[in-house]
Amino acid sequence: MAGETILVLNGPNLNLLGVREPSIYGNDTLAEIEESCLERCAELELKLDFRQSNHEGELVTWIQDARGTAAGIIINAAALSHTSIAILDALKSAELPVIEVHLSNIFKREPFRHSSYVSMAADGVICGLGPQGYLLALDALWRLLHGDDEEP
Ligand code: DQA
């Protein structure tokens, strides 16, 4: 039986995964990442709400709507991680556990990627592990929601 809903949000250009700079972001498409998240959610008895938008305002609205409907948020805000105070403010007001994910290791890349507004609202940050980061984030959220004593 699926239980809590986890909202997984993906920001600008992540719809192009698979064709976009594969040497940095790998060959998996976003649909393939969603499929592996669905499998992990089935194992963890979580419901998955997986979305992508190229628009900052749409992401902000989805984060606002998560309050009361989702148990936690996983977010790869992509380039907006480095610029968006609006997403930071929305995440803070959602009052939900948040895990930030980046496919690439942002600290190995250009200096402008080294800081993320999202990190200021995140309980944890996973970067550099490719699509596996999303699965680790689901495991981590499950643990944040259920504590250390329970097993999935
Ligand atoms: C990214 C890293 C960001 O710096 C970049 O703008 C992205 C993707 C990642 O998943 O590695 O679009 O968030």
Side-chain angles (χ1 to χ4, degrees), residues 4-44 46-67 69-145:
E4 303 112 328
T5 298
I6 304 302
L7 180 62
V8 179
L9 293 180
N10 295 281
N13 300 306
L14 292 172
N15 53 314
L16 298 178
L17 284 182
V19 289
R20 173 193 182 202
E21 299 182 272
S23 60
I24 297 175
Y25 298 116
N27 295 308
D28 288 8
T29 65
L30 195 61
E32 287 166 339
I33 294 175
E34 179 176 7
E35 190 52 42
S36 54
C37 285
L38 265 176
E39 283 168 22
R40 182 60 58 96
C41 279
E43 288 161 12
L44 297 172
L46 296 170
K47 279 188 210 145
L48 180 67
D49 185 353
F50 192 99
R51 304 181 190 199
Q52 188 274 334
S53 177
N54 292 327
H55 305 282
E56 183 177 19
E58 189 162 42
L59 291 161
V60 167
T61 300
W62 287 343
I63 294 165
Q64 289 181 5
D65 293 346
R67 198 189 165 106
T69 59
I73 298 175
I74 294 170
I75 181 163
N76 181 352
L80 292 172
S81 317
H82 317 300
T83 61
S84 179
I85 298 170
I87 288 179
L88 167 63
D89 286 349
L91 288 169
K92 279 181 159 173
S93 38
E95 293 185 282
L96 292 169
V98 174
I99 309 285
E100 176 180 11
V101 171
H102 298 281
L103 295 154
S104 63
N105 181 352
I106 54 175
F107 300 103
K108 258 185 156 177
R109 302 184 61 196
E110 304 95 322
F112 63 82
R113 296 185 203 274
H114 294 183
S115 80
S116 162
Y117 285 107
V118 170
S119 300
M120 295 178 72
D123 293 278
V125 181
I126 298 168
C127 76
L129 299 176
Q132 190 198 181
Y134 287 76
L135 305 182
L136 295 170
L138 285 168
D139 290 346
L141 258 190
W142 192 94
R143 193 56 71 202
L144 285 175
L145 293 170

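Whatever order the structure lists ligands and atoms in, that order sets their numbers, starting from 1. Throughout, residue positions are numbered sequentially from 1 according to the sequence presented.
What sits closest to atom 9 (C) of ligand 1 on the protein, heavy atoms only, is Leu103 N, 3.3 Å. With hydrogens left out, the protein atom closest to atom 11 (O) of ligand 1 is Ser104 OG, 2.6 Å, a heavy atom. From the protein, the heavy atom lying nearest to atom 3 (C) of ligand 1 is His82 NE2, 3.5 Å. For atom 1 (C) of ligand 1, the nearest non-hydrogen atom of the protein is His102 ND1, 3.7 Å. Ranking the protein heavy atoms by distance from atom 7 (C) of ligand 1 puts Tyr25 OH, 3.5 Å first.
In this structure, the side chain of Glu4 does not engage the main chain of Lys47 through any donor-acceptor pair within 3.5 Å.
Atoms CD and CD1, from Glu100 and Ile74 in turn, are 12.0 Å apart once rounded to the nearest 0.5 Å. Put simply, CD1 on Ile33 and CG on Asp28 are 5.5 Å apart, with the number rounded to the nearest 0.5 Å. To the nearest 0.5 Å, atom NE2 of residue His102 and atom CD1 of residue Ile75 are 9.0 Å apart. Note: Tyr134 OH to Ile6 CD1 = 15.0 Å, rounded to the nearest 0.5 Å.
When side chains are defined from C-beta on, Leu14 does not count as touching Tyr25, because their heavy atoms never get closer than 4.5 Å.
For ligand 1, the atoms lying closer than 4.0 Å to a non-hydrogen atom of Arg20 are 7 (C), 12 (O).
Checking only distances, Leu14 never comes within under 3.5 Å of ligand 1, N or O to N or O. Between Ser81 and ligand 1, no pair of N/O atoms sits closer than 3.5 Å.
Heavy atoms of Asn76 approach ligand 1 to within less than 4.0 angstrom.
Using cut-offs of 30° and 60° on the angle between ring planes, the pair His114 and Phe107 is tilted.
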